[in-house]
Amino acid sequence: MFNFFKGEPTHYVIKYVGGRVAREGAGLAFYYLRHNTQIVTVPTTSTDASFVFNEVTNNHQAVTIQGQFTYRIRDPKQAAALLNFTIDLHRRSYVSDDPEQLSQRVANVIQVETRAEVQQRSLEETLTQSSAMSTEVLARLQTSPLLQPLGVELLSIYFLSVKPTPEMAKALEADYRESLLRRADEAVYARRAAAVDEERKIKERELETERTLEQ
């Protein structure tokens, strides 16, 4: 008995008959015999995923990096060769969790490059240079072969937050408060010094005026 399959326009479809590729292409529609046919569908639209990395800076301070990235499968045949995108022809769902694991595999590659960036920086630099780090990681991965085996193209990476440990955060807050207080004190001293200097100048002008009048 023949069955009908219609692929989504945003999926690359590979039809196997008797273990051999019979047809392939984007959004294919065809009839098939269930007993000797396997169908692989690989999504080619962009996918968003999030991550949380725990890394250590070059001055041995732990940080937690939260972010998100966007990727798409650029080479569906390459992705299908590495991961199982076969669908259950009765339920029209994937027969394995491989497609769900793809995002994690991409995240693992991103973490490797992120670690290299963090290990080059101190805690203070890591906390203040998150945008520069994500830009550097994206640029490096877009030109490196690390994602080629997955058939994936990385479109964007964003580091949404970079946080130290709670204890270090408290210490940094205390240090920042002290810094603000020091700057406030310095401003007070500067105003006092300016007032004293202005008063001295006024007295000098008064003395100069008196001497002029005496002459």
Side-chain angles (χ1 to χ4, degrees), residues 8 10-12 42-76 78-80 82-85 93-94 96-187:
E8 296 291 336
T10 56
H11 282 64
Y12 190 88
V42 183
T44 56
T45 54
S46 61
T47 300
D48 297 325
S50 58
F51 59 79
V52 178
F53 301 151
N54 294 311
E55 300 299 339
V56 178
T57 65
N58 66 6
N59 55 347
H60 311 292
Q61 298 300 317
V63 292
T64 299
I65 302 174
Q66 291 182 304
Q68 67 180 36
F69 61 94
T70 302
Y71 71 95
R72 72 177 184 91
I73 297 177
R74 178 184 52 80
D75 188 339
Q78 179 70 26
L82 185 68
L83 301 170
N84 187 2
F85 285 89
S93 60
Y94 289 116
S96 77
D97 61 355
D98 276 12
E100 298 175 3
Q101 293 179 3
L102 182 58
S103 293
Q104 184 57 50
R105 293 198 179 195
V106 176
N108 291 342
V109 175
I110 293 174
Q111 184 171 15
V112 171
E113 294 299 329
T114 300
R115 180 172 298 148
E117 287 296 313
V118 172
Q119 289 178 347
Q120 294 176 17
R121 291 170 166 82
S122 67
L123 174 62
E124 293 78 5
E125 291 169 337
T126 301
L127 294 177
T128 58
Q129 298 177 10
S130 60
S131 179
M133 287 194 300
S134 62
T135 299
E136 183 63 29
V137 170
L138 176 63
R140 205 153 52 229
L141 286 178
Q142 286 180 330
T143 57
S144 81
L146 292 175
L147 292 174
Q148 288 181 4
L150 298 175
V152 164
E153 176 186 11
L154 195 58
L155 302 178
S156 66
I157 302 175
Y158 298 102
F159 292 167
L160 303 178
S161 73
V162 181
K163 297 180 179 179
T165 62
E167 295 79 8
M168 181 55 65
K170 290 180 180 178
L172 290 173
E173 289 172 5
D175 184 62
Y176 183 66
R177 284 195 299 270
E178 287 297 325
S179 176
L180 288 178
L181 291 173
R182 284 196 299 271
R183 288 202 292 270
D185 290 341
E186 289 170 359

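When all heavy atoms of S46 and T70 are compared, the pair lying nearest together is CB-CG2, 3.9 Å. Scanning both residues, A79 and I73, for their nearest heavy atoms gives CB-CG2, 3.8 Å. When every heavy atom of F85 is checked against every heavy atom of A80, the shortest pair comes out as CD1-CA, 4.0 Å.
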Before you tell me yes or no, could you show the steps for F51 and I65 under side chain to side chain contact (heavy atoms under 4.5 Å, CB included), namely the whole-Å CA-CA distance, both residues' side-chain angles and the distance that decides it to 0.1 Å? CA-CA 8 Å; F51 59 79; I65 302 174; 4.3 Å; yes
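Evaluation of the ring-ring contact (aromatic ring centres under 6.0 Å, His included) rule for F69 yields Y71 as partners, not counting sequence neighbours. Annotation: salt bridge (Lys or Arg N to Asp or Glu O under 4.0 Å) contacts of E125 (sequence neighbours excluded): none. In terms of the side-chain hydrogen bond (donor to acceptor under 3.5 Å, both in side chains) criterion, Q61 has no residue partners (sequence neighbours excluded). Remark: S134 engages no residue in a side-chain hydrogen bond (donor to acceptor under 3.5 Å, both in side chains) (not counting sequence neighbours). The salt bridge (Lys or Arg N to Asp or Glu O under 4.0 Å) check on E117 picks up R121, R140, with sequence neighbours excluded. Listed by chain and number, the residues in a side-chain hydrogen bond (donor to acceptor under 3.5 Å, both in side chains) with E100 amount to none (sequence neighbours excluded). Legend: residues meeting side-chain hydrogen bond (donor to acceptor under 3.5 Å, both in side chains) with T64, ordered by chain and number and at least two apart, are N54. Not a single salt bridge (Lys or Arg N to Asp or Glu O under 4.0 Å) links R74 to another residue, sequence neighbours left out. Remark: N108 pairs with Q104 by the side-chain contact (heavy atoms from CB on, under 4.5 Å) rule, at least two apart or across chains. Q78 meets the side-chain contact (heavy atoms from CB on, under 4.5 Å) test with D75; sequence neighbours excluded.
Between T47 and L102 the shortest side-chain heavy-atom distance does not fall below 4.5 Å. Put simply, the side chain of S122 does not reach to within 4.5 Å of the side chain of T57, judged on heavy atoms. Using a 4.5 Å heavy-atom cutoff, the side chains of V152 and R105 are not in contact. Annotation: side chain of T114 is in contact with side chain of F159 (closest heavy-atom distance under 4.5 Å).
The closest donor-acceptor contact from the side chain of S50 to the backbone of Q68 lies at 3.5 Å or more, if one exists at all. D98 contributes a side-chain N or O that, together with a main-chain N or O of N84, makes up a donor-acceptor pair within less than 3.5 Å.
Note that CZ of R72 and OG1 of T44 are 7.5 Å apart. Values are rounded to the nearest 0.5 Å. The line from NE2 of H11 to OG1 of T45 is 6.5 Å long, rounded to the nearest 0.5 Å. For the atom pair OG1 of T143 and CG of L154, the computed distance is 11.0 Å after rounding to the nearest 0.5 Å. Taken from CD1 in I157 to CD in E136, the straight-line distance is 10.5 Å, to the nearest 0.5 Å. Atoms CD and CD, from E124 and Q129 in turn, are 10.5 Å apart once rounded to the nearest 0.5 Å.
A salt bridge (charged side-chain N to carboxylate O under 4.0 Å, His left out) check over residues 143-152, counting only residues at least two apart or in different chains, returns nothing. The stretch residues 46-59 participates, sequence neighbours left out, in these salt bridge (charged side-chain N to carboxylate O under 4.0 Å, His left out) pairs: E55-R115.
More than 12 heavy atoms of other residues, nucleotides or ligands lie within 6.0 Å of OH in Y94, so this atom counts as buried by the packing criterion.
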